[in-house]
Each structure stands twice: as C-alpha cells, then as structure tokens.
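Please read the structure below before turning to the comments.
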Amino acid sequence: MTYSDAQMNASNVQTLFQAQRAACLDSPEIPRQKRMELLSTIETILLENDREICEAVSEDFGNRSVHETKILEITPSLMGLRYTRKRLKKWMKPQRRHVSLVFAGGKNRVIPQSKGVVGIVTPWNYPLFLALSPMTSALAAGNRVMVKQATNSQNLCRLLDRLFSEKISREYVSFVPGAGAGEFSSLPFDHIIFTGSPNVGKTVMKTAAASLTPVTLELGGKSPTIIADDFDLGLAVERIMFAKLMNAGQTCVAPDYLFVPKNKMDAFVARAKEVVRHRYPAMAVKDYTCIIDDRAFGRLSETLADARDKGAAIINLLDGPMADVETRKISPCLVTGMTDEMRIMQEEIFGPVLPVFCYDTIEEVMGYINDRERPLGLYLFTNDRHLADRVIAATRSGGVTINDCALHVAQHDIPFGGIGNSGMGHYHGYEGFVEFSKLRPVFRQSRVTLALTPPYGKTINRIYQAVKKMKWLS
C-alpha cells in the first residue's frame, strides 16, 4: 500500500511503526539469507530505476545535475550494498573473547543482535545516499527500517515509497511521504539516525531522550582545508573546486574555508577562475545545480551581503551576474578579508562560496582550527608525511582526507561520523553494522569454579593476594 502525502498523518506513521514492532516481536532475528535478499533487492531497485530517481531528485532541486546524482548518490549506494553483502557472513559470526584465569573453564562470546526498528531522518542535499547508506548498515544488522525524508525531497520520497513497497514488505522497510518531523522522531525507535544541522540535531536528541532511544547524529560543520607550500597548487585547486562546487556547495563535507600560503594567494585566485570557467562556462549549464529553495537562496545572498558590508571582498569566478533569482543559482565565488563578526565565518555556508585565508605558518592554522567547533571533515594538501601526521595529531575532526576533499566519505571500509558539534556515532562498513547492533555479551560458567561465596576466609584472601602480586594474571 502506498500512502499519499495527505494520508501520511501521525496515525499512519504510528501504524507503520507498530507493524514493524510487531514483526520484530514475531521474528526477533532476521536470517542472514533474508538480509542478503533485502540488500540485493535494493540494488535491483536502483539499477532498474536510475533514470526516474535522477529525475525526481532534479525536480526537487529545480535543477540537479543528473550526473551528480549518479556519481554522488547512486554509485556509492551500490558500492556500499555490494561491500556489505560480501562481508555480512563474517560480521554476523559470534566472537570468542578472553576469559580471566580467575574464571578458568568458563567461556565468553559476543553475539551481534539486531536492535529492532531503526528510524532514519535524511536531509534534502543527498536524499538518496543519506537514506540508503544507513539503511544498508541497519538492514545488515537485522533491523527493520523507517525513513523520513526532508520536506524538500518529497518527489523522491514518493517515488522510493512506491518502488520499495512494490518489492519489499513494509514490515522491513517503510518510507513515509509527508510525515512530520515531530511525530516521526518522537516514536520510540530502538535507534535513530539523523543527518542535518547541529541545532536540529540537538532537538532530535532531546526528543529521543524521552524514550531513551540511542542516536547517531551526522551534523556537518565548517570543514577547514589547508594547502601546504610543498603541494602543487594547480592540482590542489582542481580538487578543491570540484569538492566545493559539487551539488553547488550543498554538501555537509564540502570545504567550508581554505588556508593558502601567503605567497600563493594571487596564483590560487587566477587558477580557480580558469578551472571553474572551464567546468561551468555559465551558471545556466545543467551541470551546475540550483540552490534548493528560496529560503536557502535568500540566506546565501544575505550572507554574502553581510560579508561585503563588513569589509570582505567577493571574487566572482564566472563572468556575469553573481546570482539568478529565477533559477536560484549563485555564481561560484571566493571571499577574502573575513572577520569573526561576519556571518560567513559563524555558520556552515552550504553553498558555492569559499572563504580564503592567507597564512604564514602551519601553527597559526592549527590554532585557528582548534579555537572553533570540531568539524565533520578536515582536508590537507601536502606531500610531507610528517606534516600530515602533525596536523592529524594536533587537531580533531570527524574524518580526514589528505590531498583531496570529502573522499573519506566514499570509503566503505572506514567509519564515517562526526565529533562534538559535527555529530556522534559512525556508520559505513563494519562500524555501521556494529552501530546498529547490540553486541550481546554471553558468559558460560564452567561446572567447577573457585569458591567465591560466603563464608569468606583463607581461600578468598589467597585469590586476592594472587591478583595483587601476579601482574600477568588477567
């Protein structure tokens, strides 16, 4: 059954949740073969409907590059599904654990078990990947899944609701078009994952606390980028501008501000203009994505105006106007001369605008980064491994990419997640399987045990003295 937006009210969301909860109670553990079948079916849905998916995403944006949807959403989703299926048997095996000599004869093991029903709340910027990537981890761990997509992603949500309900029972996966954030996040899920802004993430966490629901939060932030003096400037520009302008900068791990050696600032600006004009001859090209809605367009316009009014310089990287209100496109641009009082340095930009600082020493760069909230990503361009190790050791971020930007997110064998203001918890790969599992410890006592019960006496004293003196005893 597929619900319309009008039908998908709080009552129906609750009904879907109760159906999945009942299915959990009836069959607490989904067999591995069924999990594999679910993951394989999702892959089939993507492969058979890629054109419709791209069209639905583009319609939600007003214009979203079809190629960006294929490269940045469908492809990593497929890779994650395949990676997980290949390793699921190994992940599901109970783990044998060490037993202390004090409990010699006993046995320890850890059994990964499903948590139950997982709620996924996705943002509009990567509405497919940020639904399917955590879904892959949650289903691999044996959970049921409900997905609430952003208000700006309802064309895609209705499409996915139809495509999934045709091939997968709602007892396993449910999309909920038109569902409100309040009624969804207030459901007593066994785990909830939210991707979005820190402010909304705090609200989700408070709501989840009422039912003691564990949360995974992916919250973005202002990800710094550093070009070291030893790295090829032209190559750095090519990679940075690609990561910055994909999806028109509306990416949680996009470079948010940049440090360039003082003696290379002019060369950086000149090369940035060359690269951007080659890739996007004009704002009107279809490969250049729209800003998602009027509100976001207005926020970015106000942010640029605030920076300009307070003394910053705006460098348009294309010929022509800075913005087109009708198409909701903003020209790629650099900003220099920023101060902390400017809005551009206080909020995640989420658009095709890149503030650029000059610097003299790496110490001042690390100091600037460490004085601010911990970001979701940190990017360093250098061929000096000692320098890379210094920066990694001295700073904290959710993830790091060396000599490129954002690509740590596309790696399926390393966890993806934030720290501090940029989030908590991980998913992708094995860590995603663990995140959505209860690692249940099981101790099996042996037939013969040490006498540890009252009345206490000499035996207990001997055991205690042995523990104190024998450092090898563990």
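- Between Lys167 and Glu37, none of the side-chain N atoms (NZ, or NE/NH1/NH2) sits under 4.0 Å from a carboxylate O, so this pair counts as no salt bridge.
- With contacts defined as side-chain heavy-atom distances shorter than 4.5 Å, the pair Asn383/Asn403 qualifies.
- Classification of the Tyr359-Phe259 ring pair by plane angle, with boundaries at 30° and 60°, yields perpendicular.
- Using modelled atom types, one finds a donor on one side chain and an acceptor on the other under 3.5 Å when comparing Thr289 with Glu68.
- Between Glu373 and Ser422, the side chains place no donor N or O within less than 3.5 Å of an acceptor N or O (distance only, hydrogens not considered).
- Cation-pi geometry between Arg462 and Tyr464 is not satisfied (NZ or CZ under 6.0 Å from the ring centre, within 45° of the ring normal).
- No more than 12 heavy atoms of other residues, nucleotides or ligands shown are found within 6.0 angstrom of CZ on Arg374.
- Ion pairing of Asp256 with Lys222 is present here, as a side-chain N (NZ or NE/NH1/NH2) and a carboxylate O approach within less than 4.0 Å.
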The test is side chain to side chain contact (heavy atoms under 4.5 Å, CB included); show your working for Arg144 and Cys24 and say whether it passes. CA-CA 8 Å; Arg144 322 280 169 151; Cys24 284; 3.4 Å; yes
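- Two residues are said to be in side-chain contact when any heavy atoms from C-beta on lie closer than 4.5 Å; Val215 and Ile193 fail this criterion.
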Full working for side chain to side chain donor-acceptor pair (under 3.5 Å) between Tyr126 and Thr251: CA-CA 8 Å; Tyr126 290 93; Thr251 303; 2.6 Å; yes
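- Contact check for Val335 versus Ile344: side-chain heavy atoms found under the 4.5 Å cut-off.
- Checked against the 6.0 Å centroid criterion, the rings of Trp91 and Phe436 do not qualify as a close aromatic pair.
- Judged by distance alone, with hydrogens and angles left aside, the side-chain atoms of Gln154 form a donor-acceptor pair with the main-chain N or O of Ala150 at under 3.5 Å.
- Nearest heavy atom pair, residue Thr213 against residue Leu187, reads OG1-O, 4.4 Å.
- With respect to Arg299 and Asp293, no salt bridge is recorded, no charged nitrogen being found less than 4.0 Å from a carboxylate O.
- A heavy-atom distance below 4.5 Å is found between the side chains of Leu139 and Leu39.
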Between Val442 and Val110, does the side chain to side chain contact (heavy atoms under 4.5 Å, CB included) criterion hold? Intermediate values first, please. CA-CA 6 Å; Val442 178; Val110 173; over 6 Å; no
Applying side chain to side chain donor-acceptor pair (under 3.5 Å), run through Ser437 and Gln113 and close with a yes or a no. CA-CA 5 Å; Ser437 297; Gln113 294 185 322; over 6 Å; no
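- Taking a cutoff of 4.0 Å between a charged side-chain nitrogen and a carboxylate oxygen, Arg170 and Asp161 qualify as a salt bridge.
- The side-chain heavy atoms of Met36 and Leu88, taken from C-beta on, include a pair separated by under 4.5 Å.
- Ring-centre distance between Phe17 and Phe184: not below the 6.0 Å cut-off.
- Heavy-atom contacts from other residues, nucleotides or ligands closer than 6.0 Å to CZ of Phe103 number 12 or fewer.
- Atom CE of Met366 is surrounded by more than 12 heavy atoms from other residues, nucleotides or ligands within 6.0 Å.
- Residues Gln250 and Asn247 meet the side-chain proximity criterion, which asks for heavy atoms closer than 4.5 Å.
- Atom NZ of Lys70 has 12 or fewer neighbouring heavy atoms from other residues, nucleotides or ligands inside a 6.0 Å radius.
- Between the side chains of Tyr83 and Asp413, at least one donor N or O lies within less than 3.5 Å of an accepting N or O.
- Separation of the Tyr172 and Phe164 ring centroids does not fall under the 6.0 Å cut-off.
- Side-chain N or O atoms of Asp26 include none that pairs as donor or acceptor with a backbone N or O of Ala22 at under 3.5 Å.
- Taking the six-membered ring for Trp and the full ring otherwise, the centers of Tyr368 and Tyr257 sit less than 6.0 Å from each other.
- Taking all atoms of both residues into account, the shortest heavy-atom contact from Gly180 to Lys148 is C-CE, 3.8 Å.
- Lys438 has no carboxylate O lying under 4.0 Å from a charged side-chain N of Asp190, or vice versa, which leaves the two without a salt bridge.
- Atom CD of Glu166 is surrounded by more than 12 heavy atoms from other residues, nucleotides or ligands within 6.0 Å.
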Could you walk me through whether Phe194 and Ile120 pass the side chain to side chain contact (heavy atoms under 4.5 Å, CB included) check? CA-CA 6 Å; Phe194 168 82; Ile120 300 175; over 6 Å; no
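- Sorted by first then second residue, the salt bridge (charged side-chain N to carboxylate O under 4.0 Å, His left out) pairs that include residues 86-97, not counting sequence neighbours, number zero.
- Counting only heavy atoms from C-beta outward, the side chains of Ile226 and Phe381 never approach each other to under 4.5 Å.
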Apply the test side chain to side chain donor-acceptor pair (under 3.5 Å) to residues His428 and Ser137: give CA-CA distance (whole Å), side-chain angles for both, the deciding distance (0.1 Å), then the verdict. CA-CA 7 Å; His428 289 193; Ser137 296; over 6 Å; no
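- Contact detail for Leu376 and Glu218: the closest heavy-atom pair is CD1-OE1, 4.0 Å.
- Using a 4.5 Å heavy-atom threshold, the side chains of Leu128 and Ile74 count as touching.
- Pairs of residues two or more places apart, or lying in two chains, that qualify as side-chain hydrogen bond (donor to acceptor under 3.5 Å, both in side chains) and include a residue from residues 385-398 are Glu363-Arg390.
- Between Lys34 and Glu29, none of the side-chain N atoms (NZ, or NE/NH1/NH2) sits under 4.0 Å from a carboxylate O, so this pair counts as no salt bridge.
- For the residue pair Ser153 and Asp60, no side-chain donor N or O sits within less than 3.5 Å of a side-chain acceptor on the partner.
- Nearest heavy-atom pair across Ser185 and Thr207 is O-CG2, 3.6 Å.
- Looking at every heavy atom in both residues, Ser446 comes nearest to Gly106 through CB-N, 3.8 Å.
- Annotation for Leu387 and Ala228: closest pair CD2-CB, 3.7 Å, computed over non-hydrogen atoms.
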Is there a salt bridge (Lys or Arg N to Asp or Glu O under 4.0 Å) between Glu43 and Arg85 once you walk through the steps? CA-CA 11 Å; Glu43 179 177 342; Arg85 288 207 313 275; 2.8 Å; yes
